[in-house]
K.L.:
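If you scroll down you'll find the structure; I have some questions about it.
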Protein chains: 2
Amino acid sequence: MDRTDDSLIALRRILRATELYGRDLARDAGLTAVQLRVLQIVAERGSCHPSDVASQMGVSQATISVLIKKLVSYGLIARQISATDRRQVDLSITSAGREKVAVAPDALQQKYVAQFEGLPEWEQAMVVSVLERVAGMLDAGDIDAAPVLAVGEITRHNGAGQGAPTSERERSADVPEDQADQRKAS
Amino acid sequence: MDRTDDSLIALRRILRATELYGRDLARDAGLTAVQLRVLQIVAERGSCHPSDVASQMGVSQATISVLIKKLVSYGLIARQISATDRRQVDLSITSAGREKVAVAPDALQQKYVAQFEGLPEWEQAMVVSVLERVAGMLDAGDIDAAPVLAVGEITRHNGAGQGAPTSERERSADVPEDQADQRKAS
DNA sequence: CACCATAGTTCAAGTTGCAAAGTAATTTTC
DNA sequence: GAAAATTACTTTGCAACTTGAACTATGGTG
């Protein structure tokens, strides 16, 4: 069954390449990989709650809470208590956040899209079909709440940009106290 | 509609499913995902050096050093100074380690292999072919010794000078404290 | 109102990751 | 053949990620 091995190896190469590249890309934006992912999710959804992000990323609420706090302190996303249910928090991306996302496009898109679009039609169709089949084999059963990622645009077509990655990573950060925490504290 | 989007969505489903599933699996084995990965690599290679593992995983030697120390303290892998070059360390998996790996099969294997092997030959071939094609698009053709990837960017201070030399330093007898017990992850 | 559930936050502790500095062995250079 | 450079690895200090547990605030029920 060499074929099984071959397919596993290829799959692992895909995972590895994505992970490593994603790390670099986030770094260039002055964020960590996880922070960038949160930002991308919020950007995609427009408005959502921390728990949505947590479930999509597969991490706990506690984790998201910390990440959001950080991103808020960077001024990349904003928090607002929901009008309908004051336990909930509505997240939204700020213009600064949108800019970041534009500068650091998705890891897959950056490397993959151009090549994919260069394939002949029939091959594109085959790739899509196989990937969907494989995805189905892997996630069967836990499709989870997330309606998958809407993905879609996000500045794809760009191709340009990226000329000057704003990287200012070390921003002492932290100690933002509450600010923006309109809930307790009062 | 956009085949590109379809393929990206599928790809992301694959990444997500794998990541989440791998985490659970490692947890069941009483290890973290990264620790399990190191163990699997050592198990696969039979015998190798820390730098090999580092380069395969895309992390620095320092990181691997810490992970190996932990796994050694758990009794899952063993260290031995190379006979030919005493700077090098030969890693090998212990029987306890082999057992762990067997109990927690590769993250992908568990869910995927059975289904893959149930596919007709021609479809298997197609899957392999497509996955390899996609992997090629993503990892710029090569893993270790990456010739960088052009694509205009990057600041990638790669790090990991890896190579394959040896080193020494005593084995065992080290690891002061450290309790070989590992949290247990509810 | 008492009670439980839900949404988030905070805290303590463990893990990952890296650069920089350090150690030891091997190879190169003069 | 000893200093100098290289290689392989370990340590250390720091920043970030992650989570369980405990806590706050709010919403819903009986």
Side-chain angles (χ1 to χ4, degrees), chain A residues 19-20 23 26-27 31-38 48-55 57-72 79-91 169-174 177-178 180-186, chain B residues 19 23 26-27 31-38 48-55 57-72 79 81-91 156-171 174-176 178-179 181-186:
Chain A
E19 184 190 322
L20 295 183
R23 216 141 71 194
R27 230 192 181 57
L31 297 173
T32 66
V34 185
Q35 287 169 356
L36 180 57
R37 234 166 115 212
V38 172
C48 58
H49 310 299
S51 48
D52 298 332
V53 183
S55 100
M57 287 181 56
V59 299
S60 72
Q61 256 191 349
T63 303
I64 285 302
S65 191
V66 174
L67 290 172
I68 287 174
K69 186 176 177 182
K70 198 102 190 180
L71 290 172
V72 167
R79 261 198 275 192
Q80 173 134 34
I81 295 176
S82 164
T84 58
D85 184 337
R86 311 208 325 188
R87 286 171 305 183
Q88 287 183 320
V89 169
D90 290 331
L91 300 175
R169 40 208 285 75
E170 72 281 59
R171 46 199 324 163
S172 69
D174 222 69
E177 282 344 82
D178 24 345
D181 188 342
Q182 46 239 97
R183 163 197 265 157
K184 64 186 17 188
S186 62
Chain B
E19 187 190 320
R23 220 137 69 192
R27 227 187 177 60
L31 296 173
T32 66
V34 183
Q35 288 168 356
L36 180 56
R37 237 164 109 213
V38 172
C48 58
H49 310 300
S51 48
D52 298 332
V53 183
S55 96
M57 286 181 58
V59 298
S60 70
Q61 259 192 351
T63 301
I64 285 302
S65 191
V66 173
L67 290 172
I68 286 174
K69 186 177 178 179
K70 198 98 193 181
L71 290 173
V72 167
R79 269 202 209 126
I81 296 174
S82 164
T84 59
D85 183 336
R86 311 207 322 179
R87 286 171 305 183
Q88 285 184 319
V89 169
D90 290 332
L91 300 175
R156 75 198 298 61
H157 31 297
N158 86 341
Q162 65 243 88
T166 50
S167 133
E168 78 89 0
R169 193 150 198 39
E170 37 136 18
R171 81 219 202 24
D174 206 6
V175 203
D178 77 10
Q179 47 339 32
D181 100 325
Q182 67 224 45
R183 54 207 288 74
K184 80 165 328 39
S186 66

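Letters A, B, ... mirror the listed sequences (proteins, then strands); counts begin at 1. None of these values were measured; they are calculated from a predicted model.
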K.L.:
Examine dA25(C): is either OP1 or OP2 under 4.0 Å from a nitrogen or oxygen in the side chain of R86(B)? Give yes or no.
P.N.:
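Yes, R86(B) has a side-chain N/O under 4.0 Å of OP1/OP2 on dA25(C).
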
K.L.:
Apply side chain to side chain contact (heavy atoms under 4.5 Å, CB included) to residues V34(A) and M57(A) and explain how you reach the verdict.
P.N.:
CA-CA 9 Å; V34(A) 185; M57(A) 287 181 56; 3.7 Å; yes

K.L.:
State which of dT26(D), dT10(C), dG17(C) makes the closest approach to the side chain of A62(A).
P.N.:
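Looking only at side-chain atoms, A62(A) lies closest to dT10(C).
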
K.L.:
So, do D90(A) and I81(A) sit near enough that their side-chain heavy atoms are less than 4.5 Å apart?
P.N.:
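Side-chain contact under 4.5 Å: no.
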
K.L.:
Closest heavy-atom contact between S60(A) and A54(A)?
P.N.:
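For S60(A) and A54(A), the tightest heavy-atom pair comes out as O-CB, 4.0 Å.
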
K.L.:
Taking the side chain of Q35(A) as heavy atoms from C-beta outward, which of dA25(C), dA16(D), dA25(D) is closest to it?
P.N.:
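The answer is dA16(D), which lies nearest to the side chain.
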
K.L.:
How many whole angstroms separate atom CG of L20(A) from atom P of dT16(C)?
P.N.:
16 Å

K.L.:
Starting at atom CG of L31(A), determine the distance to atom C1' of dA16(D), rounded to an integer number of angstrom.
P.N.:
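Interatomic distance, CG of L31(A) to C1' of dA16(D): 12 Å.
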
K.L.:
Taking CG from L91(A) and P from dA7(C), how many angstroms apart are they, rounded to a whole number?
P.N.:
14 Å

K.L.:
Please state how far atom CD1 in I68(B) lies from atom P in dT15(C), giving the value in whole angstrom units.
P.N.:
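Whole-Å distance recorded here is 16 Å.
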
K.L.:
Kindly give the heavy-atom pair with the smallest separation between P50(A) and V89(A), and that separation in Å.
P.N.:
CD-O, 3.3 Å

K.L.:
Can you see if the side chain of S51(B) gets near the phosphate of dC9(D) - specifically, an N or O under 4.0 Å from OP1 or OP2?
P.N.:
yes

K.L.:
Could you go through R79(B) and I68(B), starting from their C-alpha distance and side-chain angles, then the distance that decides it, and tell me whether this counts as side chain to side chain contact (heavy atoms under 4.5 Å, CB included)?
P.N.:
CA-CA 9 Å; R79(B) 269 202 209 126; I68(B) 286 174; 3.9 Å; yes

K.L.:
Between dT16(C), dG8(C), dT18(D), spot the one nearest the side chain of L67(A), thanks.
P.N.:
dT18(D)

K.L.:
Between the main-chain N or O of G58(A) and the side-chain N or O of R23(B), is there a donor-acceptor pair closer than 3.5 Å?
P.N.:
yes

K.L.:
Closest-nucleotide mapping onto DNA chain D: is I64(A) or T84(A) further toward the 5' terminus? I mean the 5' end.
P.N.:
I64(A)

K.L.:
What is the distance, to the nearest angstrom, from the CG atom on L36(A) to the C1' atom on dC17(D)?
P.N.:
15 Å

K.L.:
Applying salt bridge (charged side-chain N to carboxylate O under 4.0 Å, His left out), can you list everything that pairs with D85(A), at least two apart in sequence or on another chain?
P.N.:
R87(A)

K.L.:
Give the nucleotide from the list dC18(C), dA7(C), dT19(D) with an atom nearest to the side chain of S60(B).
P.N.:
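Shortest atom-to-atom distance from the side chain points to dC18(C).
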
K.L.:
With a 4.0 Å limit, can you tell me whether K69(B) has a side-chain N or O closer than that to the phosphate oxygens OP1/OP2 of dC9(D)?
P.N.:
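For K69(B), the contact criterion (side-chain N or O under 4.0 Å from OP1 or OP2 of dC9(D)) is not met.
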
K.L.:
Does T63(A) place a side-chain N or O at less than 4.0 Å from the phosphate oxygens OP1/OP2 of dT18(D)?
P.N.:
no

K.L.:
From dG8(C), dC17(D), dC18(C), pick the nucleotide closest to the side chain of Q61(A)?
P.N.:
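Of the options given, the side chain of Q61(A) lies nearest dG8(C).
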
K.L.:
Here's a test of your reading of the structure: between H49(A) and A83(B), which maps to the more 5' nucleotide of DNA chain C?
P.N.:
H49(A)

K.L.:
Could you state the CZ-P distance from R79(B) to dC9(D), rounded to the nearest angstrom?
P.N.:
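Those two atoms, CZ and P, are 10 Å apart.
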
K.L.:
Counting only side-chain heavy atoms from C-beta out, which of dT11(D), dC17(D), dT19(D) sits nearest to S65(B)?
P.N.:
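When the side chain of S65(B) is considered, dT11(D) is the closest of dT11(D), dC17(D), dT19(D).
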
K.L.:
Can you identify which nucleotide, out of dT11(D), dC9(D), dG27(D), has its nearest atom closest to the R87(A) side chain?
P.N.:
dG27(D)

K.L.:
Between D90(B) (CG) and dC9(D) (P), how many Å, whole number?
P.N.:
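Atom CG in D90(B) sits about 9 Å away from atom P in dC9(D).
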
K.L.:
Could you please name the option among dA19(C), dC17(D), dG20(D) that lies closest to any side-chain atom of R27(B)?
P.N.:
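Nucleotide nearest to R27(B)'s side chain: dG20(D).
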
K.L.:
Please confirm whether the backbone N or O of Q88(A) pairs with a side-chain atom of H49(A), one donor and one acceptor, at under 3.5 Å?
P.N.:
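No.
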
K.L.:
State, to the nearest 10°, the angle formed by the axis through the first five base pairs of the helix from dC1(C)-dG30(D) to dC30(C)-dG1(D) and the axis through its last five.
P.N.:
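That helix gives 10° between its end axes.
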
K.L.:
Rounded to whole Å, how long is the line connecting atom CD of Q88(A) with atom P of dG27(D)?
P.N.:
10 Å

K.L.:
Is any side-chain N or O of K70(B) closer than 4.0 Å to OP1 or OP2 of dT15(C)?
P.N.:
yes

